[in-house]
Visitor: 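Got a structure for you, written out below as structure tokens; questions coming shortly.
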There are 2 protein chains.
Amino acid sequence: MLARVSSTPTFKRLPRAVREQQMLDAAVKVFSRRGFHAASMDEIADDAGISKPMVYAYLGTKEELFVACLHREGTRMMEAIAGAAAPELPADERLWRGLRAFFGFVGAHRDGWAVLYRQARGSQPFAAELAAMRGRLVEVVAGMLDHALRASGREVGATDLEVVSYALVGATESLADWLADHPEADAEKTATRMMNVAWLGADQLLRGVTWRPGV
Amino acid sequence: MLARVSSTPTFKRLPRAVREQQMLDAAVKVFSRRGFHAASMDEIADDAGISKPMVYAYLGTKEELFVACLHREGTRMMEAIAGAAAPELPADERLWRGLRAFFGFVGAHRDGWAVLYRQARGSQPFAAELAAMRGRLVEVVAGMLDHALRASGREVGATDLEVVSYALVGATESLADWLADHPEADAEKTATRMMNVAWLGADQLLRGVTWRPGV
DNA sequence: GCGTAACCCTACGCACGAGTAGGTATGCTC
DNA sequence: GAGCATACCTACTCGTGCGTAGGGTTACGC
């Protein structure tokens with residue numbers, strides 16, 4: 001057994017940090033395509049150009065591997081959004097920038113992120129990680145709303161705030177799913193549509209009012 | 001082996017139609033609690049007070065069984081919503097009634113429906129069934145919006161309509177999830193919150209405008 | 001140039017759970 | 001009360017795929 005003509009040009013003996021990233025790349029790809037359960041560790045290892053025990057040695061169990069994927073992609077996403085929303089901007093501008101960053105990210109990582117995210121819904125082991133991510137998003141949105149409310153001297157119950165934010169995040173996730181399923185669709189345009197429904201609401205939309213990005 | 005002291009009082013030799021419903025009940029319960037993959041046919045059969053081959057004889061494969069669950073619960077849900085929205089009512093009233101019916105249903109079938117619904121996201125085999133259900137909902141919402149728009153002489157692109165509806169449905173699903181996770185929460189109140197964000201939008205909400213159920 | 005640690009492999013064990021073979025009992029019809 | 005269909009069971013087979021045992025090889029420090 002010495003015929004070892006792999007497709008990958010980069011060949012042997014890579015340092016751990018590099019291999020780990022390759023494995024995660026492969027894992028994201030395979031998990032996305034097959035779903036958590038149908039994905040096999042063999043295929044992931046194979047796709048990473050490595051053998052299975054290496055994956056176990058570096059990233060651990062299948063579940064741990066999936067969580068690692070979720071975590072890496074989640075972190076990347078949060079980073080992509082982080083810079084977008086400066087607290088001193090008016091609320092609509094903050095919301096708009098956040099949405100733009102979010103949909104931009106999802107659009108650029110279609111099967112990467114969105115499908116992975118879809119996988120995590122359901123199956124208990126990942127509910128925690130997923131809920132944490134969503135929780136952070138909800139917190140951001142709720143914080144933004146709260147900030148704007150206080151600025152105009154108003155206030156509102158914590159649960160109300162949470163639920164409204166939850167709804168907004170949910171709508172956004174849904175459109176992210178939609179975007180991931182429609183490869184021809186434009187991220188920017190999707191963000192605008194989301195902004196319209198989130199900011200204006202059905203009433204205004206039915207009245208013919210529309211929101212458009214300033215500048 | 002004649003010790004057959006089952007917990008279920010109703011014992012032996014039931015007609016097919018009845019047993020099928022019992023099996024579906026058990027399946028919904030187990031799928032909800034464990035998730036599709038972790039659920040075992042043995043446990044479902046056991047929970048239905050029947051042996052495994054019966055399940056196969058009546059409802060077929062595990063996947064077919066799951067689809068059957070999805071289908072039954074989905075139909076029930078659509079029926080629950082169906083009567084709510086009379087086309088001659090104004091748009092806000094239609095939306096409100098639809099939301100109320102929807103959250104009422106989910107609230108009454110917490111682990112039944114919502115968790116089952118969550119399971120279906122992801123795993124390819126069920127994507128079709130799920131997409132069909134969601135599609136019907138989106139269609140209803142889009143139809144309602146379109147109707148209202150035409151009534152006021154306005155019109156809008158089909159994709160815009162679809163995406164906006166999609167966002168609204170997504171937000172609603174999210175709050176349904178939230179409701180399913182918060183056993184103490186009230187369905188009616190959740191519906192009101194959803195109505196607020198959907199109908200008024202963040203802008204109005206931040207201005208202190210609120211929507212309240214008429215009557 | 002030699003030890004040692006990191007990298008990497010080819011196998012296999014093993015549990016778990018879907019689906020089935022083949023047989024038994026009970027009610028229903030005539 | 002014979003015949004037949006329907007309800008129902010116990011006890012298997014068998015594929016699949018996670019996780020591992022145990023061993024080889026390349027780089028790197030000294």
Side-chain angles (χ1 to χ4, degrees), chain A residues 1-24 26-27 30-31 33-69 119 123-126, chain B residues 1-24 26-27 30-31 33-69 119 123-126:
Chain A
M1 307 303 157
L2 39 71
R4 186 72 165 77
V5 187
S6 171
S7 54
T8 43
T10 154
F11 195 32
K12 264 185 177 178
R13 283 262 136 178
L14 296 178
R16 176 168 185 154
V18 177
R19 269 280 129 89
E20 277 183 348
Q21 291 308 310
Q22 293 181 347
M23 288 175 189
L24 285 174
V30 176
F31 279 137
R33 186 157 35 205
R34 303 252 191 256
F36 173 75
H37 175 234
S40 79
M41 293 299 267
D42 289 275
E43 184 177 355
I44 290 170
D46 200 60
D47 196 281
I50 216 73
S51 78
K52 203 166 38 154
M54 286 309 299
V55 182
Y56 279 90
Y58 284 175
L59 278 328
T61 304
K62 189 182 185 186
E63 286 194 2
E64 287 167 355
L65 175 59
F66 189 83
V67 171
C69 291
Q119 298 301 333
S123 326
Q124 283 89 343
F126 317 126
Chain B
M1 306 305 158
L2 36 75
R4 187 70 168 75
V5 187
S6 172
S7 55
T8 44
T10 155
F11 193 33
K12 262 185 176 177
R13 283 259 137 179
L14 295 178
R16 175 166 186 157
V18 177
R19 269 279 130 87
E20 276 182 348
Q21 292 308 311
Q22 292 182 348
M23 288 176 187
L24 285 174
V30 175
F31 280 137
R33 184 157 36 206
R34 303 254 190 257
F36 174 75
H37 175 237
S40 80
M41 293 299 267
D42 290 277
E43 184 177 356
I44 291 170
D46 200 60
D47 196 280
I50 217 71
S51 78
K52 201 165 41 152
M54 287 308 300
V55 182
Y56 281 90
Y58 286 175
L59 278 328
T61 305
K62 190 183 186 185
E63 286 194 1
E64 288 167 352
L65 175 60
F66 189 83
V67 170
C69 291
Q119 298 300 331
S123 325
Q124 283 88 343
F126 317 125

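Below, chain A is the first sequence line, B the second, and so on; all start at residue 1.
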Visitor: Tell me the interatomic distance from A:L14, atom CG, to D:dC28, atom C1', rounded to whole angstroms.
Guide: 16 Å

Visitor: Measuring from A:M41:CE to A:Y56:OH, what's the distance to the nearest 0.5 Å?
Guide: 4.0 Å

Visitor: Base, sugar-phosphate or nothing for A:A39? Non-hydrogen atoms, less than 4.0 Å.
Guide: sugar-phosphate

Visitor: Whole Å only: how far is the NE2 atom of B:H37 from the C1' atom of D:dC18?
Guide: 11 Å

Visitor: Contact class for B:S40 (heavy atom, under 4.0 Å): base, sugar-phosphate, or nothing?
Guide: sugar-phosphate

Visitor: Scan A:A38 against the nucleic acid and name what it touches under 4.0 Å (heavy atoms): base, sugar-phosphate only, or nothing.
Guide: nothing

Visitor: Using whole Å, report how far CD of B:Q22 lies from P of D:dA7.
Guide: 13 Å

Visitor: Heavy-atom contacts under 4.0 Å between residues 60-67 of chain B and DNA chain D, which residues?
Guide: none

Visitor: What's the spacing between B:F36 CZ and A:H37 NE2 if we round to 0.5 Å?
Guide: 8.5 Å

Visitor: What distance do A:R19 atom CZ and A:R13 atom CZ have between them, rounded to the nearest 0.5 Å?
Guide: 10.5 Å

Visitor: Rounding to a whole Å, what distance do you find between A:D46:CG and D:dG17:P?
Guide: 14 Å

Visitor: CZ of B:R34 versus P of C:dG17: gap in Å, rounded?
Guide: 10 Å

Visitor: In whole angstrom, give the distance that lies between atom NZ of B:K52 and atom P of C:dG23.
Guide: 20 Å

Visitor: Which heavy-atom pair separates B:S51 from B:A45 by the least distance, and what is that distance?
Guide: C-CB, 3.8 Å

Visitor: When you check the phosphate oxygens OP1 and OP2 of D:dT6, does a side-chain N or O of B:Y58 lie under 4.0 Å from one of them?
Guide: no

Visitor: Closer than 4.0 Å, any side-chain N/O of A:R19 to the OP1 or OP2 of C:dC8?
Guide: yes

Visitor: Taking C-beta and beyond as the side chain, do B:I50 and B:Q22 meet within less than 4.5 Å on heavy atoms?
Guide: no

Visitor: Distance check needed: D:dG23 C1' versus A:M54 CE, whole Å only.
Guide: 15 Å

Visitor: Enumerate the protein-to-nucleotides 25-29 of chain C contacts in which both atoms are nitrogen or oxygen and the separation is below 3.5 Å.
Guide:
residue, atom, partner, partner atom, Å
C:dA25, N3, B:R13, NH2, 3.0
C:dT26, O2, B:R13, NH1, 2.7

Visitor: Rounded to whole Å, please give me the gap between CG in B:D42 and C1' in C:dT20.
Guide: 13 Å

Visitor: Closer than 3.5 angstrom, by distance alone: can the side chain of A:T61 be matched with the main-chain N or O of A:E64 as a donor-acceptor pair?
Guide: no

Visitor: To the nearest 0.5 Å, how far apart are CD1 in A:I44 and CG in A:L59?
Guide: 9.5 Å

Visitor: Report the residues that fulfil side chain to side chain donor-acceptor pair (under 3.5 Å) with B:R16, sequence neighbours left out, ordered by chain and then residue number.
Guide: B:E20

Visitor: Any non-hydrogen side-chain atom of A:K62 less than 4.5 Å from a side-chain atom of A:F31?
Guide: yes

